Amino acid sequence: MATIEAPVRLQNQLHQGPFANEPLTDFSNPENARQMRAAIEKVREQLGREYDLIIGGKRVKTSDKIKSLNPAKPSQVVGIHQKAGKEHVEPAMQAALKAFATWSHASVEERAGLLFRVGDMLRERKFEFCAWLTFEVSKNWAEADGDVAETIDFCEYYAREALRLSRTELPVQMPGERDTLLYIPLGVGAVIPPWNFPCAIMAGMTLASVVSGNTVILKPSSDSPTIAAKFVELLEEAGMPDGVVNFCPGAGGSFGDAVVSHPKTRYIAFTGSREVGLHINKVAADQAPGQLWIKRTVLEMGGKDAIIVDADADLDAAVEGVASAAFGFQGQKCSACSRAIIDEKIYDKFLEKLKPRVEKITVGDPAENSNMGAVINEGSMKDILGYIEQGKKDGRIITGGARDTKAGEGYFIQPTVIADIEPKSKLEQEEIFGPVLAVIKAKNFDHALEIANDTEFGLTGAVYTSSQEKIDRAIREFHVGNLYINRKCTGATVGCHPFGGFNMSGTDSKSGGPDYLYLFTQGKAIGQKNR
């Protein structure tokens, strides 16, 4: 380890300037568009490849497989993956424990250096990773670029945060003592990411774990294991030691549950549905035989996010914000605008402007850079169409309302706006996770806030108004983890908008913020008497 300290220190010094977000790609630039098309063709040639489990650096094959399909072309196999079962939990745990014995004692400079190298490599391969996102989860070019840019941000930000925490100074020193506070790693963590940000959220939870000195059993979503496999390959190429991240795609009910309940699992970092998050929390709360600690859970579980548009708002800006937040990535974001709560004074005018804006959205193969691609799988498509049918009974279809068969064989759904939805109804309360916007009429701002807060979730929200008094009220009373004023409720940016929500939206983890690494460490206070 000593032989690499000097180059690592030099590399880290090159990254010691202030953190800056990775710039987003302008695809209207012909050269950027050319590079993206070239990357799509390069990745297209690699589709259908088989990937192994990686346990302690060794490749493992299984009899059961997971097939990852392109949602825009379900006949197209993106990747074939080994399916980890209960029998793989113990080997993965032992590999992670063995790696923890050394990785937990690696210098913070070495751990941060790994993240900096991964960030540099991702910049070089940004278009290629974007192309994988386009094929595996049907993100258009801009959505894919945002996902990869956020991943690079996590590399840079969490590396700097780890270095900052290592230099923590206590504000008070006991006379005659040297008093210090160390943030030490927890142990082996289970990282269980979602499919909707399969690069950024998967990598963010993994990188926060690793840079803090933990080791990981990574169980990616069965809908997006290929992107995780590509990222783990990148970690290996960047010099990550064997066993620090063990790549184990598998079923949540078998492999996932077994990892969560294992007595040596120290924490679980999860992003996904409310139901699965609550199940993980319940399983983790039980003390297994031989378990020495209270397992920590870092949970982000979705939302039913609202944008309030007040009577005095800039209507054009509000329409744009609502449309972008509702239909970006097919509405498959936990931060997506699922409810537009509109003051009755401007309700009809808002709908009049929203309809043509939404109808400009193109639906089709994201490899061709349509505005909206396909929803993630057939089951999701059927669920979303079921909500639309309910909406036809409970409200009024303004636009959309059906599967988009013209877009191709994939799981395409028309962007759908349903007006006159009543508070407390199914469409107003339940997370749909698709391109469906419920529009609700409010009597006034008080009523709008009441409707917005009347769900079990509390992730993101936005308010469009020109009134400072109403802005101040929203800041005090709109009960969400991420509140936006006069802008859309999606697009949280690392360093600017620490992300995580209240109530059934999770444990308010605040990823991409200055508190996040505390969740992956434990504080050790040392008081040393001077000689």
Side-chain angles (χ1 to χ4, degrees), residues 1-19 54 56-57 95-123 151-170 178-189 191 203-218 231-232 234-246 266-267 269 296 298 494-495 511-528:
M1 193 176 295
T3 58
I4 64 172
E5 284 296 322
V8 165
R9 193 173 297 113
L10 176 61
Q11 180 205 29
N12 290 355
Q13 287 171 354
L14 298 175
H15 288 265
Q16 279 305 289
F19 170 76
I54 303 175
L97 287 168
K98 181 180 178 182
F100 182 73
T102 52
W103 184 247
S104 60
H105 296 293
S107 69
V108 68
E109 288 81 12
E110 182 180 349
R111 300 193 308 250
L114 173 68
L115 267 65
F116 286 137
R117 288 194 298 279
V118 171
D120 289 341
M121 294 163 70
L122 271 173
R123 284 189 190 91
T151 310
I152 295 169
D153 282 351
F154 283 143
C155 292
E156 292 283 342
Y157 187 79
Y158 291 152
R160 285 174 170 79
E161 282 296 293
L163 292 166
R164 178 182 67 82
L165 285 184
S166 73
R167 298 188 291 264
T168 298
E169 291 287 341
L170 291 169
R178 171 60 179 148
D179 299 313
T180 55
L181 179 62
L182 304 179
Y183 290 96
I184 65 173
L186 295 170
V188 177
V191 172
M205 295 191 295
T206 302
L207 294 168
S209 299
V210 166
V211 80
S212 300
N214 304 294
T215 55
V216 166
I217 297 172
L218 171 61
F231 183 74
V232 173
L234 200 69
L235 288 173
E236 291 180 318
E237 190 178 337
M240 180 189 69
D242 292 346
V244 172
V245 176
N246 299 279
R266 183 61 181 82
Y267 67 92
R296 189 173 294 181
V298 182
V494 173
S511 61
D515 304 327
Y516 193 60
L517 292 192
Y518 294 124
L519 301 174
F520 299 86
T521 58
Q522 51 195 346
K524 185 174 184 177
I526 302 148
Q528 180 175 345

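Since this is a predicted model, take the numbers as computed values, not measurements.
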Applying side-chain hydrogen bond (donor to acceptor under 3.5 Å, both in side chains) to Gln528 and not counting sequence neighbours gives none

Side chain of Asn246, backbone of Ile217: donor and acceptor closer than 3.5 Å?
-> no

Qualifying residues under side-chain hydrogen bond (donor to acceptor under 3.5 Å, both in side chains), relative to Ser209, sequence neighbours excluded = Tyr267

State plainly whether the residues Asp120 and Arg123 are in salt-bridge range, i.e. N to O under 4.0 Å.
-> yes

Would you say Arg164's side chain and Pro514's backbone share a donor-acceptor pair under 3.5 angstrom?
-> yes

Got a second to check how far Leu97's CG is from Arg266's CZ, nearest 0.5 Å?
-> 13.0 Å

What orientation do Phe19 and Tyr157 show, parallel under 30°, tilted 30 to 60°, or perpendicular over 60°?
-> perpendicular

Contacts of Tyr183 that satisfy side-chain hydrogen bond (donor to acceptor under 3.5 Å, both in side chains) - sequence neighbours left out = none

Test log, rule side chain to side chain contact (heavy atoms under 4.5 Å, CB included), inputs Met240 and Val245 = CA-CA 8 Å; Met240 180 189 69; Val245 176; 3.5 Å; yes

Report the distance from atom CG of Leu182 to atom NZ of Lys524, rounding to the nearest 0.5 Å.
-> 7.5 Å

Thr206 and Val216: which non-hydrogen atoms are nearest, and at how many Å?
-> O-CG2, 4.5 Å

Evaluate side chain to side chain contact (heavy atoms under 4.5 Å, CB included) for Val494 paired with Glu156, printing each intermediate quantity in order.
-> CA-CA 10 Å; Val494 173; Glu156 292 283 342; over 6 Å; no

Specify the closest pair of heavy atoms between Gly187 and Asn214, including all atoms of both residues, with the distance to one decimal.
-> N-OD1, 3.0 Å

Closest approach of Leu114 to Leu235 (non-hydrogen atoms, all atoms of both residues) | CD1-O, 4.2 Å

Over all atoms of both residues, closest heavy-atom pair of Ser104 and Pro185 | CB-CG, 3.7 Å

Here the pair of heavy atoms bringing Thr151 nearest to Leu207 is O-CD1, 4.4 Å

From OH (Tyr158) to CG (Asp153), nearest 0.5 Å | 10.0 Å

Roughly how far, to the nearest 0.5 Å, is CE of Met205 from CZ of Phe520?
-> 7.5 Å

Would you give the length of the straight line joining atom CE of Met121 to atom CG of Leu234, rounded to the nearest 0.5 angstrom?
-> 4.0 Å

Where is the tightest heavy-atom contact between Thr215 and Ala96, given as atom of each residue plus distance?
-> OG1-O, 2.8 Å

Answer yes or no: is there a donor N or O on one side and an acceptor on the other, between the side chain of Arg117 and the main chain of Glu237, under 3.5 Å?
-> no

Test Leu115 against Arg111 for side chain to side chain contact (heavy atoms under 4.5 Å, CB included), laying out the working first.
-> CA-CA 7 Å; Leu115 267 65; Arg111 300 193 308 250; 6.0 Å; no

Salt bridge present between Arg178 and Glu169 (N-O < 4.0 angstrom) = yes

Where the side chain of Trp103 meets the backbone of Val210, is there a donor-acceptor pair that is under 3.5 Å apart?
-> yes

Roughly how far, to the nearest 0.5 Å, is the NE2 atom of His105 from the CZ atom of Phe100?
-> 7.0 Å

